[in-house]
Each structure stands twice: as structure tokens, then as C-alpha cells.
Amino acid sequence: MRSRSIRFRLTVWYALVLTGALALFGGLIWLSLRQRLVSELDEDLSDSASRFEAYLRRETVEFSGPQLRTEMEEFCQALPSSSRLELRSSNGFDFRYPVGARASLKQVRTLHRSFSIGNEAFTLDIATSANSINHTLDLLGILLVALIPVVIAIACLGGAWLSRRALRPVDEITAAARAISIDNLSQRLPVPPTGDELERLTEVWNTMLARLDSAVTMLSQFAADASHELRTPLAVIRTSAELALRRAREPESYRESLAEVVAESERMTQLVEDLLFLARSDSGTDGMPMVPLDLRDALGDAVTEVRDLATERHMAIGVSLPAEPVAVHGNRAALRRLFLALLDNALKYSPEGSEVKVSLNSSGSVAVEDSGIGIGPAELPSIFQRFFRADKARSNGGHGLGLSLAQTLARLHGASIDVTSAEGEGSVFWVRFPVPATHTGG
Ligand code: ADP
């Protein structure tokens, strides 16, 4: 049954349920009719018995012996044909009608009654044939048995037709869905204007397609951007090497060219590493074991790492940490990378000699504050996008991946990241971690 179509299954179920219902209906009709006919027959019998008893009471006053028999036979002739009657008394009186017959009818209803007249006790048995009832019931039975399958057959044809009509949009949707592939993800399924489950299902499918479409667009954009970013350092490396090789040079000149090659290779390595990190963190926390750790340590790691850069730029890094550990569930290397992205930007986008402030409070909020060039309101919404760089930042050698990496890592830690910035005055980046509120200092 599993491989059959919905239509087939619907029709089969429909037929089964209908058969059950009709059989129940037919059975109930048959039974109640029988009950009704039998009770009518019984009423007739008891009516006859009462009339016979009354008649007997009247006649025994006037007649006795053979005369009484004749009178009783006369009475019995007025009974419905095929009736039997038997009367016995305590005095040995015995009367049968039809005379001499044994009450041996098949399919009979019988009624037994005792009464006494004077001090003589009588027992009366009346029987009548149930043949006509049985005929009626048989006829009804035959009608039901013959008609129910016909009704079911007609209903099934109607049901199959209806379900085909109802499911026709499914075929159309299936055909449309089959035609959609990665090349034409912008196509949508036809939405049947039926206002039913199918319409809702198709709409849901279409929103899913839209999400897939934008995800695929984003991915290919990402791949294009990544290749584009890699092309520049590769071109620089190649030009430096080619220039150096063009003619014989002083060793000093070779050294300069090689140093340029090394610098560009480092840039490339950094880019490739960032890309790898991003790709990996996109697929969740697999390969990034999350353990309980102290946020102060992760922040300390990142600060240590940028000390050299700060000294080079004659900048100070002011750090303020709480005295108590700030426990979070996280990955130390990933958190270091996150803070590094923020610190690196704060140093890069601030004038030499200025100060960068890093602070952590006991409720798990990290702030990285600089007094640098700031971010304009037009650019603020885009800075977390991959490969986004503000115009002013172009010359700074970044790839535009730092903040998007930071945001991905924050999300993996259940943290939120946001920024307040004023152009020309500086920026503050906030990362707020969920800290279990169990710890009370002391
Ligand atoms: P990049 O490698 O260019 O620094 P990011 O993703 O780290 O890439 O940052 C994206 C852009 O956001 C930067 O190009 C810069 O324009 C802006 N930005 C980030 N941090 C700061 C900051 N502290 N001050 C000013 N601008 C910033």
C-alpha cells in the first residue's frame, strides 16, 4: 500500500468506511423491522387469546360437551389462517384446532396462557405462522445485500473523481518543483488559489525556496569576493618576482622583492585562515569544543597579542577586569579570535598615540572603545557583512572579514554584538555574553 498514490489510498479508505457504515445501517434496519413485525404478531396472538378466553367464559355457561366444541371451532375459523390452537383443562377436556392436527408448524410464534373458569383450570396454546414476516425480512435482506455494493461502487467512483480533482494541483506543483534546480532557484511554485492546506504548503515551499535562493546567492557572492581578494596579493607577488627576474640585480634589490613577496604571502595566509575559520564556524560548533572558562583569560590572550601592534603605533591599551572570574561556556581560541578582531580594528582605525579601552564587567559584557575615525551612519548597518570595508578603511589592509567573523563567533557563544559610533569621535563595540546568574561575589 505504501507505494500507492494518495488517491488510491483515499478511495480504499473511503470504500472501507462506507461499507462499514452501510452494513451497520442495513443491519440496524433489518433488526428493527424484525423486532417490529414480531411484536405485532405477538400482539395479535395475545389479542386472539384474550378474545378466546372471553368467548369461552361466555359459552361454558350455556353449552358443554360436543356443542361447546362446535362453538369453539366456529370461533377458530375466524382466526387468521394457519393458526393453531390447543386448549386443555384440569378436568381432562382437550380441544385442538384444526381438529386432530398436531401443532407442528415450522417457523411459528406461540403463546401460552393459563386461566380458570369456576374451579376448572385451563391452559391455552396459540400458534401462528411467522412465514410472512420471514418473507418480508428475506426480501429486505436481499435488497440490502444487492444494493449496498452498488451504492458503494457509485460512491467510490465519485470519491475517486473528487480526490483526483482535489489532488490535481499536487501534480502541477510536483512538475514545477522538479524543474527547479540550483540554476533557477529564483523560480517559484504555482500557488493554487484554493485557500486550503495545499495553498499553505506551496507558500511555505516558496518561502523556503526564497531562503535557499538568498543563501546560494550569498555563498556564490562569498566565493566571488574571496577569489577577488586572493587575486590582488597573488598579482603583487607575481609582479614582484617577474620584475626581479627581468635582469640581473644587486642582492639588496632581490632582498626587497622577496620581502614584498613574504609580506603579501602573509596577507594571503591571514585571509585564507579567516576564510577557513568562517567556513568552519558557519557549520556550527563542531570541532570547536565548548568548555567552562573565565572570560578574563580569553580577553587577556587577545590583549597580549595586540600589544606589539599597539607599541608600534605608540598607542596604549587600558584594560579593566573584574576581580572575580566571569564564567562562560565557550572555546578559548574562538573567543581570542573574536576579541582580536575588535582590538585590531580599534588600533587600526585610531590615530597614533591614542588610547584603546577594554573593559569587562561581572555580568559578562565586554566593551572595546577607541577614539578613532568612527563609522558613518550610512556604513554602520553594513560593517558586519563579509568583505565590507568602509571607503576610508580601504587603505588599511584589512579584508573586511574581521567583524563578520566576530559576529559569527559571538552567535556561536550565544552572545550578541553591537556597536555605537560617531564619525570622527570613535566607536564602542559591545559583546554581551549570557552569564549564569548563580555566582555571587565573596
Ligand atoms: P577590516 O578587515 O576592513 O577591518 P572588519 O570586518 O573588521 O574588516 O570591519 C569592517 C569595516 O568596519 C572596516 O572596514 C571599517 O570601515 C569599519 N570598522 C570596524 N571597526 C572599526 C572601528 N573601530 N573604527 C572605525 N571603523 C571601524
Side-chain angles (χ1 to χ4, degrees), residues 218 221-222 224-233 236 263-264 266-282 299 302-303 305-306 309-310 312-319 334-359 365-412 415-432:
M218 228 176 74
Q221 184 63 42
F222 183 61
D225 289 344
S227 327
H228 183 81
E229 288 296 321
L230 283 171
R231 216 161 52 184
T232 318
V236 175
E264 284 305 316
E266 266 167 12
R267 232 172 87 85
M268 257 173 75
T269 311
Q270 183 58 48
L271 173 60
V272 169
E273 260 164 25
D274 283 356
L275 285 175
L276 268 179
F277 212 106
L278 257 178
R280 258 192 238 126
S281 32
D282 274 347
L299 202 53
V303 171
E305 200 159 326
V306 291
L309 180 62
E312 204 177 286
R313 309 208 58 204
H314 310 289
M315 291 176 69
I317 303 182
V319 183
L335 288 175
R336 185 192 61 95
R337 190 69 194 78
L338 194 173
F339 298 135
L340 203 57
L342 301 183
L343 284 169
D344 193 52
N345 282 347
L347 293 171
K348 265 195 311 198
Y349 300 119
S350 301
E352 290 203 1
S354 62
E355 192 192 0
V356 169
K357 287 186 206 142
V358 182
S359 63
S365 286
V366 177
V368 177
E369 186 179 353
D370 65 58
S371 40
I373 58 173
I375 305 160
E379 288 154 346
L380 210 52
S382 316
I383 55 169
F384 291 100
Q385 281 171 20
R386 289 177 184 186
F387 295 109
F388 176 85
R389 277 173 293 179
D391 284 338
K392 277 179 293 180
R394 296 250 163 231
S395 54
N396 256 333
H399 299 292
L401 285 181
L403 284 182
S404 90
L405 191 59
Q407 196 181 42
T408 309
L409 293 175
R411 202 187 57 231
L412 290 179
S416 67
I417 181 164
D418 45 332
V419 54
T420 48
S421 183
E423 222 170 344
E425 286 172 27
S427 322
V428 192
F429 282 84
W430 303 90
V431 191
R432 296 188 175 88

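Note that this is a predicted model, so its numbers are computed, not measured. Both counts, for ligands and for their atoms, begin at 1 and track the order of listing.
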- Task: Please examine the side chains of Leu403 and Asn345, heavy atoms only from C-beta on, and report whether any two atoms are closer than 4.5 Å.
- Result: yes

- Judging by distance only, is a nitrogen or oxygen of Leu403 under 3.5 angstrom from one on ligand 1? yes

- Test item: His228 and Arg231 side chains (from C-beta on) under 4.5 Å apart, heavy atoms: yes

- Task: Taking only heavy atoms of Lys348 into account, list the atoms of ligand 1 that are under 4.0 Å away from them.
- Result: 1 (P), 2 (O), 4 (O)

- Item | Basic-acidic side-chain contact under 4.0 Å: Arg337, Asp274 | yes

- Those atoms of ligand 1 less than 4.0 Å from some heavy atom in Ala390: 14 (O), 16 (O)

- Tell me, please: is Gly372 in heavy-atom contact with ligand 1, that is, under 4.0 Å? no

- Under 4.5 Å between any side-chain heavy atoms of Glu264 and Thr269, yes or no? no

- Spacing of CD1 belonging to Ile375 relative to CG belonging to Leu380, to within rounding of 0.5 Å: 5.5 Å

- Task: Would you indicate whether the side-chain heavy atoms of Leu338 and Val366 approach each other to under 4.5 Å?
- Result: no

- For the pair Phe387 and Phe222, name the ring-plane relationship: parallel under 30°, tilted 30 to 60°, perpendicular over 60°. tilted

- Within the 4.0 Å heavy-atom cut-off, what Phe384 brings close to ligand 1 is neither

- Message: Suppose I only count heavy atoms of Phe388 and a 4.0 Å limit; which atoms of ligand 1 are within that range?
- Response: 10 (C), 11 (C), 14 (O)

- Task: Please identify which atoms of ligand 1 are closer than 4.0 Å to at least one heavy atom of Leu401.
- Result: 6 (O), 8 (O)

- Message: Give the atom numbers and elements of ligand 1 that come within less than 4.0 Å of a heavy atom of Arg389.
- Response: 3 (O), 14 (O)

- Message: Using heavy-atom distances only, which candidate in Ala341, Gly374, Ala406, Ser350 approaches atom 25 (C) of ligand 1 most closely?
- Response: Gly374

- Task: Please say whether Tyr349 places an N or O atom under 3.5 Å from an N or O atom belonging to ligand 1.
- Result: yes

- In ligand 1, the atoms that come under 4.0 Å of a heavy atom of Gly400 are 1 (P), 2 (O), 3 (O), 6 (O), 8 (O)

- Message: Contact between Trp430 and Val419 at the side-chain level, heavy atoms closer than 4.5 Å - yes or no?
- Response: no

